[in-house]
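Reading through the structure tokens given below for one structure.
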Amino acid sequence: MTMRRVVVVGGSIAAVTAIDALRLHGYEGSIVMVSAERHAPYSRVPLSKDVLSGASSAETAQLPALDDSVDLILGDRATTLDTTSRTVELASGARVPFDGLVVATGARPIRLAEDGQTGELVLRDLPDAMVIAERASHATSAIVVGGGFLGMEVASTLLDLGLAVTLVDREPPLRRLLGPWMASLVTTAAVAKGLRVVHGSGNVQLIGDPVDGVRLGDGQTLRADLVVSAVGDRPAAEWLASSGLPVRGGVVVDEQCRVAPGVVAAGDVAVVQRPAGLLTRSPHWTNAVEQGRVAAISLIDADNAVEARPDPYYWTEQFGLNIKIVGNLPGLGSPEILDGDVESRSALLQWGNSCEPVATIAAINYRIAVGRLKKLRAVGDGT
Ligand SMILES: Cc1cc2nc3c(=O)[nH]c(=O)nc-3n(C[C@H](O)[C@H](O)[C@H](O)COP(=O)(O)OP(=O)(O)OC[C@H]3O[C@@H](n4cnc5c(N)ncnc54)[C@H](O)[C@@H]3O)c2cc1C
């Protein structure tokens, strides 16, 4: 099929990377980007960190501007996809025809509030960050529900802003993401800075309308001026429900990010069907970048389609710790200390892994270029 017009639905890093890659790989046809957000594309990464704290302005989160040849439709949402007429319908009623389609609609936060219950705070986009910052500016206490990366970063920033912060989770914070050794190191730093960590078995329920607290599974209630839920997200794929495309949790892609002829998807909205039938999702920045690039190539140059291979690189900043990790989940035991020392919280660490031949390397408050960190892992791995 001649590809005269590519429509990219989504307005963030996966969409922008796909657009850059389309041009980089020689696509000269028309590109239309449709984003539900009113803002030009920006990065979510600083929203829980410097933007929420006020250390950086919202402008610093902007992604580099797209080239002038791209038609931007901002503040309008795709509501339906018709794969027969190859048209995307928008909330405004506009219909946007395409030859090729990139689905990059990301994810939406899971909410805990009951229907109609007001006042729950979540952090996914710039307006969310502005609302939390404004509420925090005349609050003295906060509850954060969820001890993953996002919840811990929000808790850390609110603590820095002078609030008394309680973090509630069913599990020890970060354990599933960072393994017990590293999770314990971060939690110790968090508690030393004043974070109160409360474990509650069972589901956490928001109480009050507007929300002003939580009820834990054991019946215990906690109150605070603001309550932020950070309990995960769901792919924003509901607009594809009647399209006939495979949607199981997220939109199902193969390892080359292909969904159907002339349709690809990338980033947080996508789940990858592995050859063994397993569906995997990787809602991280580096994955959105890699899938955006690969999706664009698959769309316009199918003969040279490549597998998406995101760098297993992730990072977080919280409670005075700047952590960079290359590799999979850090191992269960204590790491080997390659340099620095853990007591003073500046160290370069390595875990071997009995299940995989590849080591995991972590830098904590340790100045090292990401490229060097990746090389170290390759050396540890013997490759
Ligand atoms: C506060 C915060 C901090 C983070 N920090 C880190 C970090 O430190 N490291 C890291 O690796 N990852 C981090 N992440 C995760 C990372 O930001 C995401 O993995 C990444 O943004 C995914 O990019 P995406 O383009 O796939 O989706 P998104 O960023 O979710 O963008 C999707 C876009 O599509 C638009 N959209 C949705 N539905 C529609 C529709 N129907 N029609 C039109 N447009 C639509 C949305 O408005 C949005 O613009 C963080 C996320 C958050 C929220």
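Counting only residues at least two apart or in different chains, side-chain hydrogen bond (donor to acceptor under 3.5 Å, both in side chains) contacts with residues 154-164 are absent.
Note on V259 and I297: separate hydrophobic clusters, where clusters join Ile, Leu, Val, Met, Phe, Trp and Tyr whose side-chain heavy atoms are under 4.5 Å apart, directly or indirectly.
Within a 6.0 Å sphere centred on CD of E134, other residues, nucleotides and ligands contribute more than 12 heavy atoms. By the 6.0 Å contact criterion, CZ on R281 is enclosed, its count of non-hydrogen atoms from other residues, nucleotides or ligands being greater than 12. Heavy atoms of other residues, nucleotides or ligands lying less than 6.0 angstrom from CZ of R234 number 12 at most. For CZ of R223, the number of neighbouring non-hydrogen atoms (other residues, nucleotides, ligands) closer than 6.0 Å is greater than 12.
Here OG1 of T80 is found 11.0 Å from CD of E238. Values are rounded to the nearest 0.5 Å.
For K49 and E153, the salt-bridge test passes: some basic side-chain N is under 4.0 Å from an acidic carboxylate O. Remark: D268 engages R124 in a salt bridge, criterion side-chain N to carboxylate O under 4.0 Å. Salt-bridge annotation for D128 and R44: absent, with no side-chain N of the basic residue lying under 4.0 Å from a carboxylate O of the acidic one.
Closest of all the heavy-atom pairs between G262 and R86 is CA-NH2, 3.5 Å. Between R170 and N203, the closest heavy-atom pair is NH1-OD1, 2.8 Å. Nearest approach of D209 to G116, heavy atoms of both residues: OD2-O, 3.8 Å. Nearest heavy-atom pair, L47 versus D125, reported as atom, atom and distance to 0.1 Å: CD1-C, 3.5 Å. In this structure, D212 and G208 approach most closely via the heavy-atom pair OD1-CA, 3.6 Å. Taking each heavy atom of V6 and Y27 in turn, the nearest pair found is N-OH, 3.3 Å.
Looking at P41 and I13, their side chains never come closer than 4.5 Å, going by heavy atoms from C-beta outward. H39 is listed as a side-chain neighbour of L126, based on a closest heavy-atom distance under 4.5 Å.
With sequence neighbours left out, the side chain to side chain donor-acceptor pair (under 3.5 Å) criterion links K324 to no other residue.
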